[in-house]
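These numbers come from a predicted model, not from an experiment. One is the number of the first residue; the rest follow in order along the sequence.
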Amino acid sequence: TEVGNYDKLKSGYDVEEDGDFSVGVKVPDELKDGDKDEVVRGGTYYVYVTMKGSDRIRAVAEFTVIAAEIVLDTDKGPVGTEVEITGSDFDGNKDITVEYDGDGVDIESGDTDTDSGGDFETTILIPESTAGEHTIKVIDDSDNEAEAVFTVEPKITLNPTSGRTGERATVNGTGFGSKEDVTITFDGDEVATGSTDTDGSFTINFDVPTVGPGKYVVEAEDDDNNSAKAEFTLATNISISPVTSQSSLGYVGDEVTISGTGFIPNHETGEHTITATDGTNSLEVTFWMESTAPAI
């Protein structure tokens with residue numbers, strides 16, 4: 001008689017001679033048979049058993065309804081990915097907490113609590129973590145909770161992204177395996193090695209090898225076969241020595257040294273064509289490359 005809101009699930013089943021019975025029921029989405037109608041949300045409910053024709057409760061058991069739900073706008077990406085979480089069927093007007101693998105994570109933007117209907121939209125950034133699946137969970141102040149899976153993918157960045165032969169470059173990686181050995185290759189050739197930390201991140205330096213100008217692929221791969229690529233542009237450079245404080249100046253007959261980097265190695269001697277153009281007009285001349293400098 002103290003139960004105000006309820007929904008009658010089934011009736012008219014016989015009890016066996018040993019006092020047992022078994023009945024399958026469907027969890028309702030609304031309580032319709034009590035004093036007032038009530039929407040079933042996430043939380044603890046009670047299942048009662050009475051004898052037919054009597055309101056006396058003979059047995060009771062708890063049942064937890066998992067009604068809350070979250071949806072991610074993207075379910076995979078590298079560390080730092082911005083993920084929008086849409087939640088529904090939580091309790092209304094309640095503060096929410098977002099967890100990533102059981103640890104709290106900051107809400108970057110959007111709602112920090114549910115609206116009157118139990119819905120919200122909030123945004124987080126994926127923290128440093130290893131490659132593979134991770135659990136995002138949202139909990140409200142009534143202990144309603146829902147979770148979804150996000151898959152972290154490896155990523156590397158280069159600093160700088162362009163340079164010259166012999167210069168030092170840095171590879172920063174995230175989303176690799178935990179405490180794994182990492183190999184860095186430049187255009188397929190190994191240039192450095194290192195290892196990741198517990199979160200699958202690393203910083204490894206390498207010297208730009210001697211190759212011709214152009215764009216090259218830098219790849220990082222760990223022992224778990226997690227890999228990521230980035231592009232490095234090799235530029236050319238020449239310098240003249242000696243150099244005054246103003247510019248490269250000298251007198252007729254002075255000996256100067258011209259040094260170059262980033263050019264194509266083992267360039268063949270012989271005839272080459274040089275083209276000058278302003279976009280509309282162009283002129284070509286022939287240049288002959290000698291293996292040794294001519295006598296002055």
Side-chain angles (χ1 to χ4, degrees), residues 2-11 22-50 57 59-153 174-175 178 199-200:
E2 296 179 1
V3 180
N5 302 320
Y6 64 93
D7 192 68
K8 183 180 291 185
L9 301 179
K10 286 189 177 181
S11 63
S22 178
V23 179
V25 296
K26 180 180 179 180
V27 178
D29 55 11
E30 189 175 8
L31 307 180
K32 304 182 295 294
D33 296 326
D35 297 336
K36 62 179 181 179
D37 293 347
E38 181 178 308
V39 174
V40 175
R41 299 187 181 278
T44 300
Y45 288 80
Y46 300 91
V47 178
Y48 303 104
V49 175
T50 67
I57 295 173
V60 62
E62 288 188 1
F63 184 85
T64 300
V65 175
I66 305 174
E69 181 183 20
I70 60 171
V71 176
L72 311 180
D73 68 334
T74 179
D75 61 1
K76 62 182 177 180
V79 169
T81 297
E82 188 175 85
V83 178
E84 183 180 83
I85 307 170
T86 301
S88 59
D89 291 327
F90 287 76
D91 271 2
N93 301 314
K94 297 292 183 181
D95 291 337
I96 58 172
T97 301
V98 182
E99 293 182 352
Y100 185 86
D101 286 345
D103 296 324
V105 62
D106 292 336
I107 293 175
E108 293 296 318
S109 61
D111 300 326
T112 58
D113 55 7
T114 62
D115 61 18
S116 59
D119 301 335
F120 66 86
E121 287 185 0
T122 192
T123 300
I124 65 168
L125 299 179
I126 298 301
E128 283 193 82
S129 46
T130 57
E133 294 185 348
H134 298 267
T135 301
I136 296 175
K137 180 186 291 185
V138 179
I139 309 168
D140 69 18
D141 280 352
S142 295
D143 291 330
N144 297 299
E145 62 182 52
E147 60 186 44
V149 173
F150 183 89
T151 302
V152 171
E153 299 175 327
T174 57
S178 177
D199 292 325

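- Residues Asn93 and Asp113 fail the side-chain proximity criterion, which asks for heavy atoms closer than 4.5 Å.
- Nearest heavy-atom pair across Asp111 and Ile96 is O-CD1, 3.8 Å.
- Considering every non-hydrogen atom in both Val152 and Gly175, the closest pair reads CG1-CA, 3.8 Å.
- Residue pairs meeting the side chain to side chain donor-acceptor pair (under 3.5 Å) criterion with at least one partner in residues 60-80, sequence neighbours excluded, are absent.
- In terms of heavy-atom proximity, Val23 sits nearest to Lys10 at CG1-CD, 3.7 Å.
- Put simply, the side chain of Tyr6 never gets that close to the backbone of Leu31: no donor and acceptor are under 3.5 Å apart.
- Side chains of Ile136 and Ile126 form a contact here, defined as non-hydrogen atoms less than 4.5 Å apart.
- Remark: Asp7 engages Lys32 in a salt bridge, criterion side-chain N to carboxylate O under 4.0 Å.
- Tyr46 places none of its side-chain heavy atoms less than 4.5 Å from the side chain of Val3.
- Phe90 is listed as a side-chain neighbour of Val138, based on a closest heavy-atom distance under 4.5 Å.
- Using a 4.5 Å heavy-atom cutoff, the side chains of Thr114 and Asp91 are not in contact.
- Put simply, the side chain of Leu72 reaches to within 4.5 Å of the side chain of Ile85, judged on heavy atoms.
- Among all heavy-atom pairs drawn from Ala68 and Ala146, the shortest one is O-CB, 3.5 Å.
- Annotation for Asp143 and Ile139: closest pair CA-CG2, 4.1 Å, computed over non-hydrogen atoms.
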For this session: Let me see the working for Phe63 and Val27 under side chain to side chain contact (heavy atoms under 4.5 Å, CB included), right down to the final yes or no.
Result: CA-CA 10 Å; Phe63 184 85; Val27 178; 3.6 Å; yes

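- Applying the side chain to side chain donor-acceptor pair (under 3.5 Å) test to pairs two or more places apart or on separate chains, those with a residue in residues 116-140 are Tyr100-Ser129, Asp101-His134, Glu128-Ser201, Asp140-Asn144.
- Shown here is Glu38, whose CD atom has more than 12 heavy atoms of other residues, nucleotides or ligands within 6.0 Å.
- Ile70 and Phe120 get closest at one heavy-atom pair: CG2-CZ, 4.0 Å.
- Asp141 meets the side chain to side chain contact (heavy atoms under 4.5 Å, CB included) test with Lys94, Asp95; sequence neighbours excluded.
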